[in-house]
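Please read the structure below before turning to the comments.
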Amino acid sequence: MRIAVAGAGAFGTGLAISLAANGPVTLWARDQDAAMEMSKSRENSRRLAGHAFPENVHVTSDLGTLFEAETILLAIPAQKLGNWLKENANNLAEKRLVACCKGIDQSTLRGPVAQIEAHVPTAIGAMLTGPSFAADIANHLPTALTLACKDADEGAYLQACLSTPTLRLYLSQDVIGAELGGALKNVIAIACGVCMGAGFGESARAAVITRGFAEMRRIGKALGADPETLTGLSGFGDLALTCTSDASRNYRFGQSIGAAESFDTSTTVEGAATAVSVSNLAEKHNLDLPICRVVADLSAGKIDPETALATLLARPLRKE
Ligand SMILES: NC(=O)c1ccc[n+]([C@@H]2O[C@H](COP(=O)([O-])OP(=O)(O)OC[C@H]3O[C@@H](n4cnc5c(N)ncnc54)[C@H](O)[C@@H]3O)[C@@H](O)[C@H]2O)c1
Ligand SMILES: O=P(O)(O)OC[C@H](O)CO
């Protein structure tokens with residue numbers, strides 16, 4: 001199977017390097033200069049410096065070359081995915097499209113696989129998600145992820161093709177659960193970063209992780225996710241990683257808010273936009289998601305950490 005990765009950011013690059021263990025991989029970058037530079041230097045110095053490309057990683061900015069692959073991993077940020085799919089829909093028909101981004105689109109409130117289904121209905125959509133930093137994947141460090149696909153046979157095929165000796169994929173048919181876990185853990189990671197940046201303490205962070213997980217389960221139930229999925233790699237697993245590691249951009253973004261420090265706005269922080277999407281979903285489904293709500297307001301600079309904390313602590317006492 002010819003595999004390609006669309007999006008040569010940190011994650012797309014890490015995946016291409018890792019999957020090259022199984023065979024040739026095309027890595028598509030939208031920027032021609034960036035693609036040429038990577039092709040020449042054999043590394044992605046802008047997004048994942050210090051990780052040399054294996055010989056069988058072919059970097060291109062040519063969409064025609066990308067579309068030669070029958071399976072394409074989509075490592076484009078979640079808020080950009082819909083337009084990219086729409087623009088390229090004709091060339092993506094009937095392909096296997098594996099979303100690797102984590103987020104819920106602000107304008108449509110769709111997860112990545114729902115975006116694939118909406119824009120390319122003949123494609124086989126799947127989701128690859130779970131606890132994984134791009135650098136770990138590129139370094140072939142042991143990593144376990146969820147591969148979710150509604151079609152069991154296609155899912156099993158992708159699981160086999162995309163697993164490597166160090167990248168272990170677990171199979172699921174619960175696409176909604178996998179989409180929600182990856183999207184929501186980023187929101188809760190921002191809240192944890194705020195907590196630590198503002199000096200609220202590790203006990204408070206543990207409370208945010210736990211109550212954040214309760215919000216994840218609540219929205220999962222409302223949208224028809226299997227609760228088991230949220231306790232797996234794509235939910236709890238990724239929540240544990242992202243809420244506790246300085247390597248996470250969502251966590252660091254939250255830290256910067258907590259500490260009232262500046263943050264590089266060109267950094268991909270999926271949780272900020274997704275917090276708004278989730279708050280809108282909460283309204284639509286009449287759900288109480290207070291942590292997600294304060295993260296949306298904190299990310300937009302509408303409230304400060306002390307106000308967020310006061311809002312959460314002032315809520316009525318209730319059963320766990
Ligand atoms: N970096 C990680 O460790 C990691 C791990 C797991 C999942 N992810 C997910 O992968 C997705 C991408 O993150 P990343 O870390 O690669 O981000 P990144 O900021 O390193 O790279 C984003 C890439 O997307 C490209 N891009 C942006 N807009 C585009 C558009 N309209 N069309 C085509 N390409 C476009 C950019 O050129 C860039 O190469 C996110 O959803 C993220 O949550 C990242
Ligand atoms: O750097 P982050 O916060 O986007 O997190 C990266 C991955 O999603 C962790 O699994």
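First listed ligand is number 1; within each ligand, the first listed atom is number 1.
- The nearest pair of heavy atoms linking Tyr251 to Ser245 is CD2-O, 3.4 Å.
- Side-chain atoms of Thr26 and Arg2 include a donor-acceptor pair closer than 3.5 Å.
- Every atom of ligand 1 with a heavy atom of Thr268 under 4.0 Å away is listed here by number and element: 17 (O), 18 (P), 19 (O).
- Remark: distances from the non-hydrogen atoms of Gly7 to ligand 1 are all 4.0 Å or more.
- Near Gly130, the atoms of ligand 2 lying under 4.0 angstrom from a non-hydrogen atom of the residue are 10 (O).
- Residue Ser132 approaches ligand 1 through these ligand atoms, each under 4.0 Å from one of its heavy atoms: 3 (O), 5 (C), 6 (C).
- The nearest protein atom to atom 9 (C) of ligand 1, hydrogens excluded, is given as Cys100 O, 3.5 Å; this is a heavy-atom distance.
- Note: no N/O pair closer than 3.5 Å links Tyr251 and ligand 2 by distance alone.
- Closest protein heavy atom to atom 40 (C) of ligand 1: Glu270 OE2, 3.2 Å.
- Interface of Ala134 with ligand 1, defined as ligand atoms under 4.0 Å from a residue heavy atom, comprises 1 (N), 2 (C), 3 (O).
- In summary, the atoms of ligand 2 found under 4.0 Å from a heavy atom of Ser248, numbered by their order in the structure, are 1 (O), 2 (P), 3 (O).
- For atom 39 (O) of ligand 1, the nearest non-hydrogen atom of the protein is Gly9 N, 3.1 Å.
- Between Arg293 and Asp288, none of the side-chain N atoms (NZ, or NE/NH1/NH2) sits under 4.0 Å from a carboxylate O, so this pair counts as no salt bridge.
- Contacts of Glu270 with ligand 2, taken as heavy-atom pairs under 4.0 Å, are absent altogether.
- Below 3.5 Å of separation, one finds no N or O of Trp28 facing any N or O of ligand 1.
- In this structure, Gln159 contributes its side chain and Leu169 its backbone to a donor-acceptor pair below 3.5 Å.
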Task: side-chain contact (heavy atoms from CB on, under 4.5 Å) assessment of Lys80 paired with Arg30 - done: CA-CA 12 Å; Lys80 312 283 181 177; Arg30 63 174 169 164; over 6 Å; no
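- Of all protein heavy atoms, the one lying nearest to atom 27 (C) of ligand 1 is Arg30 NH2, 3.4 Å.
- Under 4.0 Å from ligand 2, not a single heavy atom of Phe11 appears.
- Taking every heavy atom of both residues into account, Ser256 and Phe263 meet most closely at OG-CB, 3.5 Å.
- Near Leu241, with a cut-off below 4.0 Å to any heavy atom, the atoms of ligand 2 are 9 (C), 10 (O).
- Residue Lys102 approaches ligand 2 through these ligand atoms, each under 4.0 Å from one of its heavy atoms: 7 (C), 8 (O), 9 (C), 10 (O).
- Residue contact check: Thr242 has heavy atoms under 4.0 Å from atoms 3 (O), 9 (C) of ligand 2.
- When each atom of ligand 2 is checked for a heavy atom of Asn250 under 4.0 Å away, the hits are 2 (P), 3 (O), 4 (O).
- Side-chain contact of His51 with Asn44: a donor-acceptor pair under 3.5 Å is absent, judged by distance alone.
- If you check which protein heavy atom lies closest to atom 1 (O) of ligand 2, you get Arg249 N, 2.9 Å.
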- [ ] Determine, step by step, whether Glu270 and Cys101 satisfy the side-chain contact (heavy atoms from CB on, under 4.5 Å) criterion, reporting the C-alpha distance in whole Å, the side-chain angles of both residues, the deciding distance to 0.1 Å, and the verdict.
- [x] CA-CA 9 Å; Glu270 294 279 30; Cys101 48; 4.3 Å; yes
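- With ligand atoms numbered from 1 in the order given, ligand 1 contributes 3 (O) to contacts under 4.0 Å with heavy atoms of Phe133.
- Put simply, the side chain of Met127 does not reach to within 4.5 Å of the side chain of Val98, judged on heavy atoms.
- Side-chain N/O atoms of Asp264 and Ser266 include a donor and acceptor closer than 3.5 Å.
- Only the side chain of Asp238 comes within 4.0 Å of ligand 2, counting heavy atoms alone; its backbone N, CA, C and O stay farther away.
- Here Pro131 has backbone heavy atoms under 4.0 Å from ligand 2, and that is the only part of it that gets that close.
- Distance from atom 31 (N) of ligand 1 to its nearest protein heavy atom, with residue and atom name: Lys80 CB, 3.7 Å.
- The closest approach between any non-hydrogen atom of Gly103 and ligand 1 is not below 4.0 Å.
- A side-chain donor-acceptor contact under 3.5 Å links Ser277 to the backbone of Ile104.
- Annotation: atom 15 (O) of ligand 1 to nearest protein heavy atom, Arg249 NH1, 2.7 Å.
- Atom numbering of ligand 1 starts at 1 in the shown order; those under 4.0 Å from a heavy atom of Ala75 are 12 (C).
- Nearest non-hydrogen protein atom to atom 5 (O) of ligand 2 is Lys185 NZ, 3.6 Å.
- For atom 32 (N) of ligand 1, the closest heavy atom belonging to the protein is Trp84 CD1, 3.6 Å.
- Under 4.0 Å from ligand 2, not a single heavy atom of Val269 appears.
- Of all protein heavy atoms, the one closest to atom 16 (O) of ligand 1 is Phe11 N, 2.9 Å.
- Counting atoms of ligand 1 from 1 in the listed order, those under 4.0 Å from a heavy atom of Ala8 are 39 (O).
- Remark: ligand 2 and Thr268 share no N or O pair separated by less than 3.5 Å (distance only, no angle test).
- The minimum heavy-atom distance linking Gly177 with Leu230 is given by the pair O-CD2, 3.9 Å.
- Defined by atom type and a distance below 3.5 Å, a donor-acceptor pair is present between the side-chain atoms of Asp105 and Ser107.
- With hydrogens and angles ignored, the 3.5 Å screen pairs no side-chain donor or acceptor of Gln173 with any backbone N or O of Cys149.
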